[in-house]
Amino acid sequence: MKAQAIRLLSVLLTVGLLVWAAQAMLEGDSHEGALDPALGVSEVLNQAQWSMAGKPNRQTRVRLPHQDTTTLNGPDEATYEMVVTVRPEHARSEPLGVCVTNWTVTGDLWLNGVRLMQSLPGIEGSKSFNRPTFVPLPPGMTMGKHALTIHVAGLPGLRSHLSPLWFGDAAPVRKACNELTESGFKRSFAPALLMALIGLAALVPWLVMKERSALYLFLIGVVWCVHALLARGGAFPMSLETWAVSVIATRIALMIPVLLFVLESIGSSRRGLKSTLVGSYFVAFLLLAVLPTSLRSAWLVSVGLASVILICGLLYQLIRHTLREMTESNLLLVGALGFGVANGAQLLMRRLGYESTIPIEIPYAIVPIIFTAFSIMLIERLVRSAQLEASATERMRVEVEFQRTQIAAHYEQQQQQRAALAVLEERRRIMQDMHDGLGSHLVSARAMVESAPLLRSEQMRPLIAQALDELRSVLDVLAIEPSTMTDDDPVAALLGSMRTRIEPSLKAQGIMLEWHVDPLPLHFLSGDAHRLQLLRFLQEAVSNVLRHSRAHRMSLSASVRGTKICILVADDGCGIAKGVRLGVGLASMQKRAAWIGAQFELHSETGDGTRLELTWEQTDHPVNH
């Protein structure tokens with residue numbers, strides 16, 4: 001939809017520019033040839049007697065506008081003689097005036113043999129080129145006919161010419177002349193300035209995307225803008241001859257980016273052809289700089305002929321390209337180049353001395369049309385490139401999304417495998433622990449039964465009780481599901497189950513139990529194997545109190561102190577005497593503490609009881625109470 005909208009906008013823009021160009025040319029023709037009463041002009045002088053310089057006796061009656069086509073080389077000079085008639089309707093109190101709607105670079109004007117205007121010297125004379133000029137006539141002119149003589153001289157490459165004159169009261173003629181100047185500016189320089197601005201905008205895709213056709217479009221706009229500035233006259237300080245050569249050179253130089261753009265548009269990737277093209281024009285311009293003045297018109301004809309032939313060849317290639325890839329911009333470019341070839345051929349024929357009815361202003365309308373066609377082609381190329389890039393981006397996005405989904409699925413699968421391996425590891429550890437604990441007790445009981453069949457039940461009861469305690473420990477650990485714990489944590493719940501197991505045994509030996517367990521973090525010892533090792537540690541501690549301490553009071557506490565989690569088992573028994581070698585039970589407790597990542601500390605003095613403390617350092621989510 002966006003591409004179709006851009007194409008529709010481009011077509012509308014082109015149609016608007018074509019209408020504007022046609023209107024501008026018709027407006028220019030009407031201003032120069034037809035009598036418009038609204039302008040206040042009473043008469044249009046479009047008939048004259050023309051003669052070449054040095055041949056005043058060989059006069060020819062011509063109709064204005066008129067251009068010299070009899071000479072090919074060297075500056076041409078001509079004289080136009082016409083008659084102005086002062087009629088009764090002209091106000092006697094108001095002065096009269098003449099507007100020369102268009103003439104050559106230098107011109108002189110006489111009335112009844114008296115010079116009224118002399119051409120400006122040097123570069124100032126270029127300001128009259130293709131520009132209306134108002135000339136006030138002397139006051140007090142008598143009624144009747146008066147002889148008006150205009151002498152014009154051209155420069156090499158710029159033929160002498162003269163357009164119709166407007167005659168009437170000075171005030172309306174001056175106003176009409178000024179309006180014609182403004183309309184001429186709109187027809188020639190304003191489009192050139194717009195082309196330069198569009199060309200500057202085309203630099204962006206060239207700098208960002210390295211689009212060479214955008215660079216050529218920029219050069220077309222800049223070269224034509226410079227040409228329009230020169231054609232307006234006096235834009236840069238230079239001699240009149242240098243100015244004339246510059247006007248010719250800039251118009252010919254426009255062919256270089258135009259031809260390069262067409263080559264780029266038809267997909268020609270032969271750098272040698274482009275280099276040869278640029279080099280040929282460069283040599284031609286070097287010849288122009290060193291050629292004598294008398295040969296510059298011949299140079300213009302030769303280079304113009306070569307350019308027309310080149311454009312015809314490229315037009316043929318463009319037509320073939322358009323038949324393969326039918327687009328609006330290609331069709332428009334074919335039409336614009338065809339129009340340009342026809343215009344160039346007519347101008348060339350005029351240079352060779354053949355009559356031509358083409359107005360001088362038409363090239364200033366054709367070039368903007370060609371530039372618009374190029375702009376539309378560039379827009380289409382950029383839109384096509386943007387669509388391809390968007391399509392590639394979308395494919396990349398889909399591929400990235402697919403890969404992301406695959407990675408997420410693989411990650412989820414790895415997580416499941418890791419969780420399954422963790423479960424298997426937990427089971428292995430629990431099985432190993434059951435083998436070492438419950439299994440060893442059952443093996444011992446079996447050995448005793450086999451060695452002494454008549455063994456009494458009192459002897460078997462302790463082994464069976466120990467085996468049951470081992471089994472209950474494992475079941476207590478496995479019965480806790482951390483995911484279902486809401487008001488308590490797994491370790492606190494495990495300690496609660498342990499309390500119900502040990503409190504009767506302590507009470508049977510007259511030991512009072514003090515119990516203080518704070519809520520512990522939910523993430524604390526989340527694995528079953530870790531909690532089982534903690535339970536075994538505490539069971540060993542309680543067993544030592546029951547068997548060795550002769551205590552009257554035992555306390556068990558679990559608390560959170562800043563970033564530390566502490567579990568403490570203490571009694572007021574006989575303690576451990578100094579120098580006594582620690583048993584296998586305490587050594588096993590040290591290993592279990594290290595396995596669950598706790599720091600183990602033992603404090604005991606003879607007659608002062610024993611303190612066993614486990615400490616964990618929290619790295620995340622510290623809990624304070």
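Only a predicted model underlies this, so the values are computations on that prediction, with no experimental measurement involved.
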With a 4.5 Å heavy-atom cut-off, do [X] and [Y] have their side chains touching?
X      : Y      : value
Ser375 : Leu217 : yes
His227 : Trp224 : yes
Arg324 : Arg320 : yes
Leu109 : Thr149 : no
Phe134 : Val100 : no
Ile198 : Phe218 : no
Ile252 : Phe285 : yes
Leu165 : Ile150 : yes

Could you tell me the separation between the [atom1] atom of [X] and the [atom2] atom of [Y], rounded to the nearest 0.5 Å?
X      : Y      : atom1 : atom2 : result
Cys99  : Phe167 : SG    : CZ    : 13.0 Å
Met117 : Leu111 : CE    : CG    : 14.5 Å
Phe371 : Leu194 : CZ    : CG    : 7.5 Å
Leu260 : Lys274 : CG    : NZ    : 7.0 Å
Ser163 : Leu45  : OG    : CG    : 12.5 Å
Ser280 : Ile256 : OG    : CD1   : 9.5 Å

Do Val98 and Val173 pass the side chain to side chain contact (heavy atoms under 4.5 Å, CB included) test, and can you show the C-alpha distance, the side-chain angles, and the key distance before you say yes or no?
-> CA-CA 7 Å; Val98 172; Val173 171; 5.9 Å; no
Measure from the side-chain N and O atoms of Asn46 to the backbone N and O of Pro164, and report whether any donor-acceptor pair falls under 3.5 Å.
->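 Absent.
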Any donor-acceptor N/O pair, Thr322 side chain to Leu318 backbone, under 3.5 Å = yes
Counting heavy atoms not belonging to Glu389, are there more than 12 under 6.0 Å from its CD?
->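 No, not enclosed.
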Would you check if there is a donor-acceptor pair between the side chains of Arg397 and Thr393 at a distance under 3.5 Å?
->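 No, no side-chain donor-acceptor pair sits under 3.5 Å.
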Worked verdict on His146 versus Val83 for side chain to side chain contact (heavy atoms under 4.5 Å, CB included) = CA-CA 6 Å; His146 299 267; Val83 177; over 6 Å; no
Run the numbers on Leu148 and Glu81 for side chain to side chain contact (heavy atoms under 4.5 Å, CB included), then give the verdict.
-> CA-CA 6 Å; Leu148 185 66; Glu81 296 179 359; over 6 Å; no
So which heavy atom on [X] is nearest to which on [Y], and how close?
X      : Y      : result
Leu162 : Leu64  : O-CD2, 3.8 Å
Pro257 : Leu219 : CB-CB, 3.8 Å
Leu116 : Val135 : CB-CG1, 4.2 Å
Leu180 : Trp166 : CD2-CH2, 4.0 Å

Between His151 and Trp110, how do the two ring planes meet: parallel, tilted or perpendicular, split at 30° and 60°?
-> perpendicular
List for me each residue that meets ring-ring contact (aromatic ring centres under 6.0 Å, His included) alongside Tyr216, sequence neighbours excluded, and say none if there are none.
->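 Expected list: none.
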Side-chain donor-acceptor contacts of residues 200-211 below 3.5 Å, not counting sequence neighbours, with atom names and distances?
| from | atom 1 | to | atom 2 | distance (Å) |
| --- | --- | --- | --- | --- |
| Glu211 | OE2 | Ser213 | OG | 2.6 |
| Glu211 | OE2 | Arg381 | NE | 3.0 |
| Glu211 | OE2 | Arg381 | NH2 | 2.9 |

Would you please name every residue forming a salt bridge (charged side-chain N to carboxylate O under 4.0 Å, His left out) with Glu401, sequence neighbours left out?
-> Arg404
Contacts of Thr60 that satisfy side chain to side chain contact (heavy atoms under 4.5 Å, CB included) - sequence neighbours left out =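 Partners of Thr60 by the side chain to side chain contact (heavy atoms under 4.5 Å, CB included) criterion, ordered by chain and then number, come out as Trp50, Val62.
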Across all chains, not counting sequence neighbours, the side chain to side chain contact (heavy atoms under 4.5 Å, CB included) partners of Leu259 are Leu277, Tyr281, Leu310, Ile311, Leu314
List in chain and number order the residues that pass side-chain hydrogen bond (donor to acceptor under 3.5 Å, both in side chains) with Gln47, two or more places apart in sequence or in another chain; answer none if no residue qualifies.
-> none
